[in-house]
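Down below is the structure, laid out as structure tokens.
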2 protein chains.
Amino acid sequence: MNLLTPRQQEILDYIRDFQDRYGYPPSRREVAGHFGIYPGSVQDHLKALIRKGHLKREPNRSRGLSLNPAPAPLRIVPRYGAVAAGRPRLVPEEAEDRVTLPADWARGEEVFLLRVQGESMAPTILSGDQVIVRRQEQVPEGAVGVFRVDNEVTLKRLYKEADNILLKGDNPVFTPLVIERQDHAGLGIIGQVIGIYRPVI
Amino acid sequence: MNLLTPRQQEILDYIRDFQDRYGYPPSRREVAGHFGIYPGSVQDHLKALIRKGHLKREPNRSRGLSLNPAPAPLRIVPRYGAVAAGRPRLVPEEAEDRVTLPADWARGEEVFLLRVQGESMAPTILSGDQVIVRRQEQVPEGAVGVFRVDNEVTLKRLYKEADNILLKGDNPVFTPLVIERQDHAGLGIIGQVIGIYRPVI
DNA sequence: TTAAATACCATACATTTGTATGGTTGTCAA
DNA sequence: TTGACAACCATACAAATGTATGGTATTTAA
């Protein structure tokens, strides 16, 4: 990983920015156009950047450039806004946006992000946090899950007690929700919390 | 956002996978090759996918495809392994890898991820967490920062007390570190913690 | 039953793109 | 002072790529 000249650094930065903005790398001519130079000159710079280990390239492939070291595998997941009340659908069409996460933060078939509102899971999960949720139809006892109760989405810990299901927040201020046997059908298990993101300050 | 036929879904999925794997979208012929069909047929499918709102395209631009809706802006940041002892450099060349984060999780000039080892900041930050750090030379009083003390990197909360600087973990088991005036030069302020990721279970 | 959409084939062509060549000028360390 | 590197010009060409055309066959909704 050799040192770069100022010009080479400029060009590498441009390729990075282009990649982030468009989702694919620039062609030689696009780089040339941006710097007001010729494609052959860009080719010279690319050669240097490849030799110094900052870029990789697939020969004869259009836009076949990739940064080195390559970013770790990523995962694009939908992010949903805080769903306190209303019609909590949690279907991809109604996502707030889609964000990229490191793949190791989002393992599983179907994963999504959920903005948290409310303190019922404090201090484990706070209002303003974003939880990473793996969609699944069962949640192990004691784990934090996302549930649909009375057409509302809530974050709770699941426990079983005789024939009843208990949904308990970690915050002792909130009283646990008891769902009796005959009402189990009304309980919707959406998924399990597999990670927490908390912004600080 | 219309419904897709099974074939169209297959092709959209392939484009997604290709994009994640290579960092750029496939050409018509690459899609055609994968499905054993002709480029013209792929063009037909792309037309349908664009009409139904799942893809965008730049005319006459090679690999000018992008997913719709586009993922939120992202940021590629280096991730460093747990630095309990040893030679804690925290320079990009020694990063464990680079990961993509949502841009709104990584605001600031220079941001990086750090794996946490040790319980001195419990229960705020636990061993196994990954903290998002903004590199800066000052840390506001009471904020969590990353510091270099005696050639070791630690996570602590910073306080001032007369002429001394106090580095305090949230975990009361650990005794605060007092750095006296004459030793201030030995204290390295690396950055401020701006976010926490915690894997669950 | 008629039009629209789906899902292909086979061929063709213009544009974009990667790449090579040979040249000039300047810097900088051996 | 000689050779390696940097940074560019100007031109050229083959390969990759996007795109269009006119087909065929089947399914689907009006």
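The figures that follow rest on heavy atoms only: side chains count, while hydrogens, waters and symmetry mates do not. All chains are named by letter (A, B, ...) in the order of the sequence lines, taking the proteins before the strands, and each is independently numbered beginning at 1.
- Proximity of Lys47(B) to the phosphate of dA7(C): no side-chain N or O atom is located under 4.0 Å from OP1 or OP2.
- In this structure, the CZ atom of Arg61(B) is 12 Å from the P atom of dG18(C), given to the nearest Å.
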Between the protein and nucleotides 27-30 of chain C, list every N/O to N/O distance that falls short of 3.5 Å.
none

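- Across the interface with DNA chain C, nearest-nucleotide mapping of Arg29(B) and Ile11(B) shows Ile11(B) to be the residue nearer the 5′ end.
- OP1 or OP2 of dG18(C) has not a single side-chain nitrogen or oxygen of Ser62(A) nearer than 4.0 Å.
- Candidate nucleotides dA7(C), dG18(D), dC8(D) were compared by shortest atom distance to the side chain of Arg7(B), and dA7(C) ranks first.
- Rounded to 10 degrees, the angle separating the terminal axes of the helix from dT2(C)-dA29(D) to dA30(C)-dT1(D) is 40°, with each axis obtained from five end pairs.
- Classification of the Tyr14(A)-His34(A) ring pair by plane angle, with boundaries at 30° and 60°, yields parallel.
- In the set dA7(C), dT19(D), dG18(C), the nucleotide with an atom closest to the side chain of Pro59(B) is dT19(D).
- Here the closest heavy-atom approach between residue Tyr38(B) and residue Ala32(B) is recorded as C-CB, 3.7 Å.
- The side chain of Glu30(A) lies closest to dT17(C) when the candidates are dG18(D), dT19(C), dT17(C).
- No donor-acceptor pair closer than 3.5 Å links the side chain of Arg198(B) to the backbone N or O of Tyr197(A).
- For dA7(C), one of the phosphate oxygens OP1 or OP2 lies less than 4.0 angstrom from a side-chain nitrogen or oxygen of Gln8(B).
- Comparing Arg57(A) and Ala48(B), the nucleotide of DNA chain C nearest to each residue sits closer to the 5' end for Ala48(B).
- Non-hydrogen atoms lying under 4.0 Å from DNA chain C are contributed by Gly36(B), Ile37(B), Tyr38(B), Ser41(B), Asp44(B), His45(B), all within residues 31-45 of chain B.
- Comparing Pro26(B) and Arg51(A) along DNA chain D, the residue whose closest nucleotide (by nearest heavy atom) sits nearer the 5' end is Arg51(A).
- OP1 or OP2 of dC5(D) has not a single side-chain nitrogen or oxygen of Lys52(A) nearer than 4.0 Å.
- Remark: Arg63(A) is in phosphate contact with dT17(C), judged by side-chain N or O atoms under 4.0 Å from OP1 or OP2.
- Of all the heavy atoms in Lys52(A) and Leu3(A), the pair that sits closest is NZ-O, 3.0 Å.
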